[in-house]
Amino acid sequence: MTVRVRFAPSPTGYLHMGGARTALFCWLFARQHRGTFILRIEDTDAERSTWEMTQGILDGLAWLGLDWDEGPYLQSEGIPLHREAALSLLEKGLAYRCFATPEQLEIQRHQEQAKGGQWRFDPFSRHLSRAESDRLAAEGRPFVVRFRVPDDARVRFVDHVYGEQERTAKDIEDIALLRPDGTPLYNLSVVVDDIRMRITHIIRGQDHLINTFKQVLLYQGLGAPLPEFAHLPLILAPGKAKLSKRAHGEVVAVTTYKQRGFLPGAFRNFLALLGWAPGDDREILSTEEMIQLFDLDAINRANAVFNFTEGDPENWTDSKALWMNGVYLTRTPIDELLPHVERTLKDAGLWDEAWAGPERERFAATVDLIRQRYHSLLDFAGRGRPYFSEDYAFEPEAVEKNLAEPRLRAWLPMLAERLVAVDPWVHEGVEQAIRGLAEELGVKAGVLINAARTACTGQKVGPGLFELLVVLGRDRVASRLRRAVSRLPL
RNA sequence: GGCCCUGUCGUCUAACGGUCAGGACACCGGUCUUUCAAGCCGGCAGCACGGGUUCGACUCCCGUCAGGGCCGCCA
């Protein structure tokens, strides 16, 4: 039997961290078993469901590289089928019409709660004879269709994460299937859809663990084989509070990570390690490794805290995620990284088409050189600006430290002249020219080196100077050196 | 309140009765260097608490405490 898993988010407009991890785990599991990954949007709550809301989810998944094999299906498309299933249950006597009003139910619930118990059903409706029930329905009395949980029900299933689960009828209330207007409710819809889509493994958040008992009963009532279940622990905010967009803002939405310069692979890797570990000490895992090593039974049962500091720009998200992005930035094969950098530079208005054509090699060398100390794609357009544009800023601190020597007024043009003569334009030649001039001038090489760094980039720090100059190119270096003279003190 | 789940460094985690309780991030030192990172080396830091069971418990059992989930004619 081939594995079929589905990710079934509600259309909330954006992909939540928790949802993203659920989707990732579903995807890893499906890929590992060469199965099918299905995307289904749970849009039966008509009020809240718009296509824009769905689009946000799709964008998040696409960015993460979690491609689905079937769908997106809309749960609302199956409404007639859901209703049909409910009616068949009613027909078979496994469900009944519940005529209690919401107000009555609320009172019943309160009374039950006061007694320390749990509300399970409306006694009046549940014990109504078929004839009586038909009569009230014919009269036009509104009713909800409810599944009758057998009094001797004992529901068991083995969860891949939480282990054996068991519950008896006294802890399971009768399941609302259809509203008075005939529209289906969640528990019914998921089960019917999961059956018709032949889902073999249900991987979802732990908040659905309790629903599972009801759903198992529905599978049985509908005569369908049970899928396997794996409930994932939740991802909490610092302080173990519930993580929500409302309370915590953009950190919870995956598009934020895209906007803030994350490489999708890095984020995927970080997410994978929230609740799961390969068993050995590896942290950086390629997608292939993750697919190979992933194991539902190895998932941690405890909720994970997503650790970030609100209001701290340095730690706007979990520091491990930040670190991981840096690792991916420096280790991703350069050809794979280039498109991401291109996107970033385009967004910043710094892109030059030549870098995709005749200048590609130099562009790649530049990126490869500066990425060593970057942690985000955004750094290429920020700190990396001098490498891609003539319009770059001079940091006051850098000028103060490296362009303070008045004699540089003469030395910088001299240096430019020497460098123009360097041929071929390679590391050794450039280094020789600079060190040679320093010696002739009787100054420490560091003086010229640091002055050249600031003159050519406006910055105090950066890659090794000789590599830096090579990558910038002879002409650019010479002109920047000469232009920088204006920054010197008199 | 009821039912259920969970509890190893600040955070993510490994351990499946016998380990000096391991790794990673963060943090703090050192090293390297023309600068800053990275890298490398080192350090700090944890079995929630109390009882059992056992020759021996982070591992098993019970209780306490703490945190979380669910308790809709939402999904």
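Any value given below was found using the heavy atoms of this structure, including those in side chains, with hydrogens, waters and symmetry copies removed. We name chains A, B, ... by the order of the sequence lines, and we start the count at 1 in each one. Quick caveat, the model's predicted, so the values are computed rather than measured.
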Looking only at side-chain atoms of A:A304, point me to the closest of B:C12, B:G69, B:A75.
B:C12
N-O pairing of A:R120 and A:E173 below 4.0 Å
no
Check whether the side chain of A:R373 and the base of B:C36 form a donor-acceptor pair under 3.5 Å.
yes
Give A:T183 one of three labels, base, sugar-phosphate or nothing, depending on what nucleic acid heavy atoms sit under 4.0 Å from its own.
nothing
Return the pairing partner of B:C71 with a 3.5 Å limit on both distances, Watson-Crick or G-U wobble; otherwise return none.
B:G1
Can you check the distance between B:G50 and B:C65, where both ends of the measurement are the C1' atom (answer in whole Å)?
10 Å
Who pairs with B:C32 - Watson-Crick or G-U, where each distance is under 3.5 Å:
none
P atom, B:C5 versus B:G10: distance in rounded Å?
27 Å
Just by distance, with hydrogens left out, do A:R179 and A:T183 show a side-chain donor and acceptor under 3.5 Å apart?
yes
Identify which nucleotide among B:U34, B:C25, B:C71 has an atom closest to any side-chain atom of A:E173, counting heavy atoms from C-beta outward.
B:C71
Please work out which of the three classes, parallel, tilted or perpendicular, describes the rings of A:Y374 and A:F380, given edges at 30° and 60°.
perpendicular
Side chain to side chain, A:C456 and A:L472, heavy atoms closer than 4.5 Å
yes
As its Watson-Crick or G-U partner within any shown strand, both distances under 3.5 Å, B:U6 has B:A66
For B:C12, does the base pair up with any side-chain atom of A:K320 as donor and acceptor (N or O, under 3.5 Å, distance only)?
yes
Classify the side chain of A:E112 and the base of B:G2 as holding, or not holding, a donor-acceptor pair under 3.5 Å.
no
Of B:C71, B:U34, B:U13, the nucleotide closest to the side chain of A:L465 is B:U34
By nearest heavy atom, map A:N211 and A:L234 onto RNA chain B; which one lands nearer the 5' end?
A:L234
Show the nearest heavy-atom pair for residues A:V422 and A:V430, with the distance to one decimal.
CG1-N, 4.0 Å
Checking N1-N3 plus N6-O4 or O6-N4 for Watson-Crick, or N1-O2 and O6-N3 for wobble, each under 3.5 Å, the partner of B:C60 is B:G52
Walking RNA chain B from its 5' end, the first of A:G275 and A:E166 to be reached, judged by nearest nucleotide, is A:E166
Between B:C74 (P) and A:D207 (CG): distance, integer Å:
18 Å
Could you work out the separation of B:C47 and B:G42 based on their P atoms and round it to a whole Å?
24 Å
When both distances are under 3.5 Å in a Watson-Crick or G-U wobble arrangement, the nucleotide paired with B:A15 is none
Tell me what A:A237 touches on the nucleic acid: a base, only sugar-phosphate, or nothing, going by heavy atoms under 4.0 Å.
nothing
Winner on side-chain proximity to A:Q113, out of B:A75, B:G1, B:U34, is B:G1
When you measure from the side chain of A:V461, which nucleotide among B:C25, B:C36, B:A37 comes out closest?
B:C36
Rounded to the nearest Å, what distance is computed from the CD atom of residue A:Q111 to the P atom of nucleotide B:G2?
18 Å
